[in-house]
Student: 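Quick one: the structure is below, questions incoming.
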Protein chains: 2
Amino acid sequence: MTDAKPPQPLASRLPRVVDWDSNQRRVVILDQTRLPNEVVFLHCDSVADVWQAIKRLSVRGAPAIGVAAAYGVCLATREEPSVGRCYEAIDRLATSRPTAVNLFWALQRMRDAVDRATAAGEPLLASLIEEARSIHHQDRELCAAIGRYGADRLLDLPPAADTAGLTLLTHCNAGALATAGNGTALSPIYELAGRGVAVRVFADETRPLLQGSRLTAWELQQMNIPVTVLTDSMAGSLIRSGKIDAVIVGADRISAAGDAANKIGTYPLAVLARYHQIPFFVAAPHSTFDLSLANGDDIPIEHRDSDELSQGFTESTVPGGCSVYNPAFDVTPAELITAIITDLGVIDNPDAEKVLNSIGTR
Amino acid sequence: MTDAKPPQPLASRLPRVVDWDSNQRRVVILDQTRLPNEVVFLHCDSVADVWQAIKRLSVRGAPAIGVAAAYGVCLATREEPSVGRCYEAIDRLATSRPTAVNLFWALQRMRDAVDRATAAGEPLLASLIEEARSIHHQDRELCAAIGRYGADRLLDLPPAADTAGLTLLTHCNAGALATAGNGTALSPIYELAGRGVAVRVFADETRPLLQGSRLTAWELQQMNIPVTVLTDSMAGSLIRSGKIDAVIVGADRISAAGDAANKIGTYPLAVLARYHQIPFFVAAPHSTFDLSLANGDDIPIEHRDSDELSQGFTESTVPGGCSVYNPAFDVTPAELITAIITDLGVIDNPDAEKVLNSIGTR
């Protein structure tokens, strides 16, 4: 499982999604709500600032949320360097978004770090920064491992009849912008490109907040990967046309049975992939698994404000007083997933036993 | 097949989608691009005005396009009351949009009317207005018949386990705003409501131009039918949740085999309906059938400008230079359609033989 190959160098081409500014002792977050038109950073001086940045999706993507929250805990010590204040910060940050489990995973690590530092009588801030940096660094490594395993798995696919290289469909953004590294779903694509394989991507725009057209298309452009944007509703006929070799998406939480919660609109892609007999891959680090939940239907699904649907355009696009349904995620059951690509290896035809064997010991 | 019951009176609650102003001798078109925020009418004094109104979707929906084009031909006689100018107008209007066959059906009727008037030595304008009004009136009757057949068919469905009444999912707008009458897909809903059946509708917003959230939601609100808007990507998990009894949509062209072209995003709903074993209905008048095309894949699919995807919001949502895929329609093969509801009756499990038996003689 060890591999000396360093993660692909993205830093030169993409801004850092989240980072700790050790001079100013603050968290710096790329404001992804402003992409693709502006590259703007938020400077977070308080736990509340980080909470807000997560809540309003300035930083989003399950792994990146975990890293941002970890750094956010460090800010508690600026306000008051006490264990109680750190616990408060952890509890507060845990309320920012309900679905991505990496958030809770990272916050649990920070809680353990608080306890270890206290027990050892070590300085709180330094210990917390060290732990957050470790989570940050580890996420880069996890992404790189997903990239290698995923690239190998994608190269196993039968070659497309009519095109050289691979044409993949993705949804939302599970790329470098969603992580501290090369991404999850997009990491195998970067790895393949690095190996000289021609890869072309179709990116669902991903309503309501357009992470596909705003973020994935922008990120892939920066990385010189050919990308075409389509509305979510166009994926069906595109798959039917035979132009897509596989679908690959990220995940926000995966149950013990291998059911994956991901951005709303993922589930219909899985059904379409099955109907057209093309592979449907989920890529996620082991920290995205929540073995405490037997089934995907137990995953809490965030419902967001109706304004996200009705007010995004230049004027209201839903008549006043009309009811709006706005779940942010859906759940794809394991039986529709060809394989889950993790940092620990590929889980083909996932089920509870295989998930336990692959992830359970971590 | 005769039925004395008049069409439901919609005129009192909804503005007329298209009409001939006999005082001013011009076509009046409700500008649907301005809904739901403004009710504004376009006054079309020339064939070019009507062409433009169809092209830019001020009037849309296969039947309504046919009616608008028919009145548009009348305007040719204002410019020059000659047969040649009428033919020119017909040829010009036929280029406005390629997919909806009702356009060509209505224009063929107008061409026949030109020829009949010429042969009989009757005044051209009066003959054309009469024919256009006949198309207009007939469309109202077709819609009403679809409503009755559709309501009967929907009442045959097994009752939903957990709700009183029916919960239907629709896509785009195949309502009164898409026709000269009560609509196609929505007509059975109005008919059911008129019979006292509780009907609730989930309306896909329908990217890129949001005919579902802007038009269907507004129309259903005016008609006091409970409606909830969702993004197209949310339909999958909504169907999976068991809340939807059936999907019902319109069509822009139906092949001899029963394959139906309709607004992009219809096909994935048909796949989802099949996967979850709920019925998928297409509602369309006989004028939507194109028996000259054996298969749906022969239906020409309009591709529209990339700006429809990228520029609808307050700022660009696709990075500059990025490729965009924007087909306006997709094709649902007959094998995924539970039944086609027409003005002539219901075609269950449609195939070429049944379509020929039902439609072929008309």
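Chain letters run A, B, ... following the sequence lines, proteins first, then strands; residues in each count from 1.
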Student: Which bit of B:L209 comes within less than 4.5 Å of chain A, counting heavy atoms only: side chain, backbone, both or neither?
Tutor: neither
Student: When only pairs under 4.5 Å are counted, which of A:L220, A:L269, A:T231, A:D232 shares the most heavy-atom pairs with chain B?
Tutor: A:T231
Student: Under 4.5 Å, counting heavy-atom pairs only, tell me which of A:L35, A:D330, A:N37 racks up the most with chain B.
Tutor: A:N37
Student: Using the rule given for side-chain contact (heavy atoms from CB on, under 4.5 Å), can you reason through B:V227 versus A:C322, listing the C-alpha separation, both sets of side-chain angles and the distance that settles it, and then say yes or no?
Tutor: CA-CA 7 Å; B:V227 56; A:C322 186; 4.0 Å; yes
Student: Nearest 0.5 Å, what's the CD-CD distance between B:E38 and A:E315?
Tutor: 6.5 Å
Student: Do B:V331 and A:S237 have side chains that approach each other closer than 4.5 Å (heavy atoms only, starting at C-beta)?
Tutor: no
Student: Quick check on the 6.0 Å ring-centre criterion: do B:Y267 and A:H276 meet it?
Tutor: yes
Student: Heavy atoms only: give me the nearest B:F313-A:T314 pair and the separation to one decimal.
Tutor: O-CG2, 3.7 Å
Student: Quick one: which of A:D204, A:V271, A:T266 has the most heavy-atom pairs under 4.5 Å with chain B, could you say?
Tutor: A:V271
Student: Picking from A:R207, A:R214, A:R274, which has the most non-hydrogen pairs under 4.5 angstrom with chain B?
Tutor: A:R207
Student: Top residue by heavy-atom pair count (under 4.5 Å) with chain A, among B:V318, B:T317, B:L230, B:V324?
Tutor: B:T317
Student: Counting only heavy atoms closer than 4.5 Å, note whether A:N326 contacts chain B via side chain, backbone, both or neither.
Tutor: both
Student: Supply the atom-to-atom distance A:S213 OG to B:L309 CG, rounded to the nearest 0.5 angstrom.
Tutor: 7.5 Å
Student: For B:L210, is it the side chain, the backbone, both or neither that has a heavy atom under 4.5 Å from a heavy atom of chain A?
Tutor: side chain
Student: Looking at B:A270, B:P208, B:A217, B:S316, which makes the most heavy-atom pairs under 4.5 Å with chain A?
Tutor: B:S316
Student: Do you know which of B:Q221, B:H171, B:R240, B:K263 has the most heavy-atom pairs with chain A at a distance under 4.5 angstrom?
Tutor: B:R240
Student: Non-hydrogen atoms of chain A under 4.5 Å away: do they reach the side chain of B:P36, the backbone, both or neither?
Tutor: side chain
Student: Under 4.5 Å, counting heavy-atom pairs only, tell me which of A:F329, A:W218, A:Y275 racks up the most with chain B.
Tutor: A:Y275
Student: Working to the nearest 0.5 angstrom, can you tell me the gap between B:E205 CD and A:S310 OG?
Tutor: 10.0 Å
Student: Given a strict heavy-atom distance threshold of 4.5 Å, which part of A:D297 is in contact with chain B: side chain, backbone, both, or neither?
Tutor: side chain
Student: Taking the side chain as everything from C-beta on, heavy atoms only, tell me whether A:L238 gets closer than 4.5 Å to B:Y325.
Tutor: yes
